[in-house]
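Report on one structure; see the data block that follows.
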Amino acid sequence: MAKTFNVTANCDPKRHYMVDISERLMKMKEMVDCGDYFTVNRARQYGKTTTLIALASYLREGYHVISLDFQLMSEADFDTEFSFVCAFAREILLAEEEKDDIPGNIVIQLRQYADGANGNVGLAPLFALLSDWCGQSAKPLVLLIDEVDQAANYQVFLDFLSMLRGYYIRRARKPTFQSVILAGVQDIRNIKKKLRSESEHQSNSPWNIAVVFSLDMSFSAREISGMLQEYEDDYATGMDVDSIAQLIYEYTSGYPVLVSSICKYIDEDISKTDSFSNKKAAWSAEGVVAAVSRIYDESNMLFESLQDKLDTYPYLKEMLYSMLMDGKPVIYNRYDPAIQTALMYGFIRIENKAVVVANRIFETQLYDTFLASPEMRKSEFFLCGDREKYQFVRNGKLDMKLILERFVVAFHDLYGDQPQKFIEDDGRRYFLLYLRPIINGTGNYYIESRTRNQERTDVIVDYLGGQYICELKIWRGNSYHERGEQQLMDYLDHYHLKKGYMLSFNFNKKKQIGVREIMLGDKVLVEAVV
């Protein structure tokens with residue numbers, strides 16, 4: 001059976017093209033060897049389940065691994081200690097395919113607990129049994145539990161964590177697990193629990209024995225390249241494996257499901273369209289851009305989750321809006337609830353103590369969300385761009401110069417000689433509002449994060465195989481303007497382009513509005529002034 005790229009559930013190396021995570025597994029084994037208890041808390045579709053399954057297999061030579069999934073347990077299983085013990089024993093027996101590895105007396109007791117035959121048994125007898133098992137086992141026991149979020153709001157689970165903690169502290173006198181690994185979105189060290197009222201919550205640290213798990217689970221460009229090379233060995237498309245891997249990384253920052261989604265779209269969809277016709281043509285920069293467009297066009301869990309969290313946490317939406325639309329920097333503060341929430345769900349990452357959106361795809365989706373709000377869609381700039389959008393594609397290419405020319409006209413039609421109504425934050429917003437309906441559904445746009453601030457922004461547009469860089473800036477005098485030109489030239493070199501675009505918001509009375517082309521070395525700069 002031919003391998004495929006997988007974007008649902010766990011990956012199987014026999015059926016799916018996968019990134020080599022052996023180095024990650026080796027580092028996790030080192031933590032297990034040290035006797036660490038830890039949590040693997042990452043965003044949805046970040047490869048946690050695949051990693052745990054691979055880790056269980058990786059550890060089996062030296063350890064007896066008990067691998068459970070709380071997703072298989074029902075709400076009723078967490079009602080009481082008795083129901084939890086029955087369900088927990090049942091799941092252990094179901095997970096243990098080779099019962100011969102379990103001492104016979106332990107199997108008998110687990111079956112009695114699973115059947116409820118021992119009466120109203122609680123956590124204390126269960127842990128005493130698990131301790132006996134640890135003492136009798138030929139190999140140290142490791143407990144892996146996936147989807148612990150299912151249990152996060154139940155008192156019995158907090159009591160379970162407390163018992164684990166107690167046995168860990170007394171491990172010199174009472175045999176216990178070599179290591180316990182819990183996986184989920186939430187960090188169990190800072191879990192919330194339900195009390196008598198649904199509206200009452202209390203913060204707890206029932207598992208403060210857990211060490212910090214800091215391994216990067218995103219895919220590097222090198223790891224993506226290794227996966228693509230396996231594919232290339234099968235299909236011989238002739239793709240430039242390293243450059244395609246780098247481009248996929250630049251869009252995704254290694255977010256696992258986004259990496260796999262791009263590859264899956266290229267392999268199964270893009271390569272069969274009229275625009276590409278075969279795998280060789282599809283595994284190209286143009287094919288990657290087309291695949292990214294498909295991600296935006298089709299409903300997916302990540303974007304649905306993002307929208308849900310924006311609606312649920314207004315402070316999160318406010319932070320992201322201010323950062324993206326207004327260009328205001330957000331300094332990392334571990335106690336800021338907006339930052340905590342965004343990190344937990346994988347929407348942001350921290351670079352040089354500053355908050356940045358996790359990847360280019362998320363960033364563009366956020367811009368689309370903010371720009372497509374009912375209020376924004378009523379903007380004159382959005383309506384103007386929507387009315388004029390059909391004139392900007394010529395011979396299959398986006399006419400960015402004409403876009404700037406028409407934007408200059410639109411800006412002065414709407415503002416005239418009233419610059420006092422304009423504030424610096426508006427420039428970026430107005431241009432993006434004008435641009436969005438023009439490229440919507442056919443191209444992508446994103447902001448170069450290294451230049452996103454209140455004075456300068458580089459907008460990169462991918463459209464029908466072409467790439468366009470347009471710098472937006474507030475006029476700060478000739479010397480500042482010249483530095484901006486040089487920086488734009490440097491970016492054109494980086495993207496291997498010969499033409500760049502600049503939109504300057506200049507409110508000097510002697511300014512000369514309009515669009516002009518100037519030569520800077522071997523580059524052409526199309527500059528628009530409003």
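Predicted model only: the values in this text are computed from it and were never measured.
Of the possible polar contacts, none joining the Thr252 side chain to the Val259 backbone as a donor-acceptor pair under 3.5 Å is found. Judged by distance alone, with hydrogens and angles left aside, the side-chain atoms of Gln71 form no donor-acceptor pair with the main-chain N or O of Asp146 at under 3.5 Å. Side chain of Ser284 to main chain of Gly287: a donor-acceptor pair is present (N/O by atom type, distance under 3.5 Å, no hydrogens or angles). No donor-acceptor pair under 3.5 Å is formed between the side chain of Thr176 and the backbone N or O of Arg171. Formation of a donor-acceptor pair under 3.5 Å by the Thr341 side chain with backbone atoms of Pro337 is found in this model.
A donor-acceptor pair shorter than 3.5 Å can be found between the side chains of Asp311 and Gln307.
The line from CE of Met73 to OH of Tyr154 is 10.5 Å long, rounded to the nearest 0.5 Å. In this structure, CD1 in Ile331 is found 10.0 Å from CD1 in Ile350, a value given to the nearest 0.5 Å.
The pair Lys280-Glu232 does not count as a salt bridge, with every side-chain nitrogen at least 4.0 angstrom from each carboxylate oxygen. Ionic pairing of Arg24 and Glu223 is present here: one or more N-O contacts between side-chain nitrogen and carboxylate oxygen are shorter than 4.0 angstrom.
Among all heavy-atom pairs drawn from His64 and Glu96, the shortest one is NE2-OE1, 3.0 Å.
Ring planes of Tyr367 and Tyr445: tilted class, angle from 30 to 60°.
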Do Phe88 and Tyr113 pass the ring pair (Phe, Tyr, Trp, His ring centres under 6.0 Å) test, and can you show the C-alpha distance, the side-chain angles, and the key distance before you say yes or no?
-> CA-CA 9 Å; Phe88 193 82; Tyr113 287 171; over 10 Å; no
